[in-house]
K.L.:
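First the structure, which I've put down as structure tokens, then a few questions once you've had a look.
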Amino acid sequence: MTTATDTDFIGLEHEHAAHNYHPLPVVVSHGEGAWVTDVSGRRYLDCLAAYSAVNFGHGHPALVAAAKEQLDRITLTSRAFHNDQLGPFVTALAALAGKDMVLPMNTGAEAVESAIKVARAWGYRVKGVPAERATIIVADGNFHGRTTTIISFSNDPDARADFGPYTPGFRSVPYGDPAALEAAIDETTVAVLIEPIQGEAGILVPPADYLPAVRRITSERNVLFIADEIQSGLGRTGATFQCENAGVVPDLYLLGKALGGGIVPVSAVVGNADVLGVLRPGEHGSTFGGNPLAAAVGHAVVDLLATGEYQQRARELGEHLHARLRTLIGRGVVTVRGAGLWAGIDIDPALATGREVCERLMERGVLAKDTHGSTIRLAPPIVVERDDLDWAVDQLEGVLTELGA
Ligand SMILES: *Cc1c(COP(=O)(O)O)cnc(C)c1O
């Protein structure tokens, strides 16, 4: 019997899976903590963590135990009936966020779509915006998901072209510019939807006074502040929410990715009853949203975050990572941005594309992902060991040297 190789699996995928991704040529079959193993037994340090969906590492014992226990009990009831996992989960998640209500969904895009509906309904029913006129302000360079409404307000041609007609009702303003944001608000504006750090755009961190200004302006103008913390939240940046680092509390948090512990898709809109309470039975829903398996895993994730231990680890390891990366500036690296264990590294475009750097990192046993030309991002699981992190930076240094930096 012959063993299937990387090439076999890549071939099958290429032939029968739609080509909506361009993966690195590695075929992963196992994972533990921050490390994954490919089909030929080679180990790699995972420095992407599934875009922050695996913040707690692969196969975290507490999360796997919660999932296994729930698998043996019940996994899906639909919201036509109550289940004994949802109530405790939403109570714990609301407490973690300092809010009183949770709308459970599955994917990040669904959380964003749900928040758009909630904001519009709030606008008509509470703020008194004339019917069908609601507008939502977003930021240039945003990434909030892939559904038709969400790509309607993207400025990324790849995300958007040939997928119209687009959903109206959005205004995009420069990211990081509170004056532009304020100027775009009028009596139809129901919400401002932004990422506290723009992930897909290249880990863009706005000026320190930006989020406080957004909070002040939205409060003054009776507009909801919706923070998409799907990638920035749940420990990644050294806090439960990146908004916390900026000293602000939005009206709605959008969570996803790490909320499912890397096991099942779990997303949520978290806010107070004066906003989320606008939804009435039958107006919104999801067959899988709030299912007992998702709720059990999500609850275990909240329990991990409740101690603050992971946030602190991301903060400490993050400082170390950023300090080490900054030493590469001028040696193949142009700039380093980010917060906590999240770094966007601009490689000198004369040297190589981000993709080339990621391919060479892969050869050396480090898995990372490029974004937008010559930026690479690092977002290892928070459980990563400091020595492994150092080793990954050594590999990046090695790649840059090899490229002639
Ligand atoms: C990943 C992401 C989403 C979309 O989440 P999906 O689960 O892929 O639908 C939305 N917003 C941000 C900031 C993200 O990083």
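Each residue takes its place number in the sequence, starting with 1.
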K.L.:
Indicate yes or no: at least one non-hydrogen side-chain atom of V333 is less than 4.5 angstrom from one of D348.
P.N.:
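With C-beta onward as the side chain, the pair stays apart.
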K.L.:
How close do T371 and R377 get, counting heavy atoms only, and between which atoms?
P.N.:
CB-NH2, 4.0 Å
K.L.:
Can you confirm whether or not the ring centre of Y175 sits under 6.0 Å from the ring centre of Y210?
P.N.:
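Close enough - the centres of the two rings lie under 6.0 Å apart.
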K.L.:
For the atom pair CG (L361) and CD (E356), what is the distance rounded to the nearest 0.5 Å?
P.N.:
12.0 Å
K.L.:
Between T189 and A191 (side chain of the first, backbone of the second, donor and acceptor by atom type, cut-off under 3.5 Å), is there such a pair?
P.N.:
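Looks like no, no N/O pair under 3.5 Å.
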K.L.:
Kindly say whether F153 contributes a backbone atom to a donor-acceptor pair with the side chain of N142 at under 3.5 angstrom?
P.N.:
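Indeed, once roles are kept as given, a pair shorter than 3.5 Å links the two residues.
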K.L.:
Grab the two heavy atoms, one from H58 and one from W35, that are nearest each other, plus how far apart they are.
P.N.:
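Heavy-atom minimum between the residues: CD2-O, 4.2 Å.
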K.L.:
Within a 6.0 Å radius of atom OH on Y44, are there more than 12 heavy atoms belonging to other residues, nucleotides or ligands?
P.N.:
yes
K.L.:
Is it true that a side-chain atom of T91 and a backbone atom of G87 form a donor plus acceptor pair closer than 3.5 Å?
P.N.:
yes
K.L.:
Is R133 atom CZ crowded by more than 12 heavy atoms from other residues, nucleotides or ligands, each under 6.0 Å away?
P.N.:
no
K.L.:
Is it the case that over 12 heavy atoms from other parts of the model lie below 6.0 angstrom from the CD atom of E402?
P.N.:
yes
K.L.:
Just checking, is any N or O donor in the side chain of D186 or T188 under 3.5 Å from an acceptor N or O on the other one?
P.N.:
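There is such a pair (donor and acceptor under 3.5 Å, judged by atom type) between the side chains of D186 and T188.
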K.L.:
Could you give the distance from CD1 (I382) to CH2 (W342), rounded to the nearest 0.5 Å?
P.N.:
11.5 Å
K.L.:
Report, as yes or no, whether the 6.0 Å neighbourhood of atom NE2 on H82 holds more than 12 heavy atoms from other residues, nucleotides or ligands.
P.N.:
no
K.L.:
Rounded to the nearest 0.5 Å, what separation is found between the CG atom of L341 and the CD atom of E316?
P.N.:
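Result: 10.5 Å between the selected atoms.
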K.L.:
Do we get R79 above F81's six-membered ring, with its NZ or CZ under 6.0 Å from the centre and within 45° of the axis?
P.N.:
no
K.L.:
Quick one, E283 with K117, criterion salt bridge (Lys or Arg N to Asp or Glu O under 4.0 Å). Give me CA distance, side-chain angles, the key distance, then yes/no.
P.N.:
CA-CA 9 Å; E283 290 183 338; K117 286 174 68 177; over 6 Å; no
K.L.:
If I take atom NE2 from residue H144 and atom CG from residue L193, how far apart are they, to the nearest 0.5 angstrom?
P.N.:
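Output value for this atom pair is 4.0 Å.
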K.L.:
Specify the closest pair of heavy atoms between F163 and D158, including all atoms of both residues, with the distance to one decimal.
P.N.:
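It is CE1-O, 3.9 Å.
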K.L.:
Between S374 and P349 (side chain of the first, backbone of the second, donor and acceptor by atom type, cut-off under 3.5 Å), is there such a pair?
P.N.:
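Flag not set: sc S374 to bb P349 has no pair under 3.5 Å.
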K.L.:
Check the pair R360 / E363 against salt bridge (Lys or Arg N to Asp or Glu O under 4.0 Å), numbers first and verdict last.
P.N.:
CA-CA 5 Å; R360 285 172 186 254; E363 295 297 325; over 6 Å; no
K.L.:
Just by distance, do the side chain of D72 and the backbone of E69 share a donor-acceptor pair under 3.5 Å?
P.N.:
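Not at all, since once roles are kept as given, no pair shorter than 3.5 Å links the two residues.
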K.L.:
Mind checking what makes side chain to side chain donor-acceptor pair (under 3.5 Å) contact with D84, not counting sequence neighbours?
P.N.:
R73
K.L.:
Are a donor atom and an acceptor atom from the side chains of D251 and W122 found within less than 3.5 Å of each other?
P.N.:
no
K.L.:
When you measure from the side chain of Y51 to the backbone N and O of A379, does any donor-acceptor pair fall under 3.5 Å?
P.N.:
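Flag not set: sc Y51 to bb A379 has no pair under 3.5 Å.
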K.L.:
Going by atom types only, do Y310 and N55 share a side-chain donor-acceptor pair under 3.5 Å?
P.N.:
no
K.L.:
Write down the atom of I376, the atom of L396, and the distance for their closest heavy-atom approach.
P.N.:
CD1-CD1, 3.9 Å
K.L.:
To the nearest 0.5 angstrom, please state how far the CD atom of Q198 sits from the OG atom of S232.
P.N.:
11.0 Å
K.L.:
For the side chain of E110 and the backbone of N106, is there at least one donor-acceptor N/O pair under 3.5 Å apart?
P.N.:
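Confirmed, E110 side chain pairs with N106 backbone.
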K.L.:
Would you check if the side chain of R42 reaches a backbone N or O of T37 as a donor-acceptor pair within less than 3.5 Å?
P.N.:
no
K.L.:
Minimum heavy-atom separation for H60 and F56, please, with both atom names.
P.N.:
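The pair with the smallest heavy-atom distance is CD2-O, 3.4 Å.
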K.L.:
If you measure from CG on N83 to CD on Q70, what distance do you get to the nearest 0.5 Å?
P.N.:
7.5 Å
K.L.:
Does D346 form a salt bridge (Lys or Arg N to Asp or Glu O under 4.0 Å) with R337? I'd like the steps, not just the answer.
P.N.:
CA-CA 9 Å; D346 288 347; R337 294 173 301 271; 2.8 Å; yes
K.L.:
Indicate yes or no: does R236 engage E229 in a salt bridge with an N to O separation below 4.0 Å.
P.N.:
no
K.L.:
Tell me whether K127 contacts the main-chain N or O of V223 through its side chain, where contact means a donor paired with an acceptor under 3.5 Å.
P.N.:
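Side chain of K127 to backbone of V223: no pair is present.
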K.L.:
Any chance CG of D162 has more than 12 other-residue heavy atoms, nucleotides or ligands included, within less than 6.0 Å?
P.N.:
no
K.L.:
Are T77 and I74 close enough that some pair of their side-chain heavy atoms sits under 4.5 Å apart?
P.N.:
yes
K.L.:
Does atom CZ of R146 have more than 12 heavy-atom neighbours, drawn from other residues, nucleotides or ligands, at distances under 6.0 Å?
P.N.:
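No, because the 6.0 Å sphere around CZ of R146 holds 12 heavy atoms or fewer from other groups.
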K.L.:
List the residues meeting side chain to side chain donor-acceptor pair (under 3.5 Å) with H372, not counting sequence neighbours, and say none if there are none.
P.N.:
none
K.L.:
Is any side-chain heavy atom of I345 closer than 4.5 Å to a side-chain heavy atom of L325?
P.N.:
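Yes, side chains in contact.
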K.L.:
Any idea which heavy atoms bring P25 and R355 closest together, and the distance?
P.N.:
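Scanning both residues completely, I find the closest heavy atoms to be CD-NH2, 4.3 Å.
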K.L.:
Given E220 and R216, is the salt bridge (Lys or Arg N to Asp or Glu O under 4.0 Å) satisfied, shown in steps?
P.N.:
CA-CA 6 Å; E220 281 169 12; R216 180 181 48 74; 3.7 Å; yes
K.L.:
Just by distance, with hydrogens left out, do S52 and Q231 show a side-chain donor and acceptor under 3.5 Å apart?
P.N.:
no
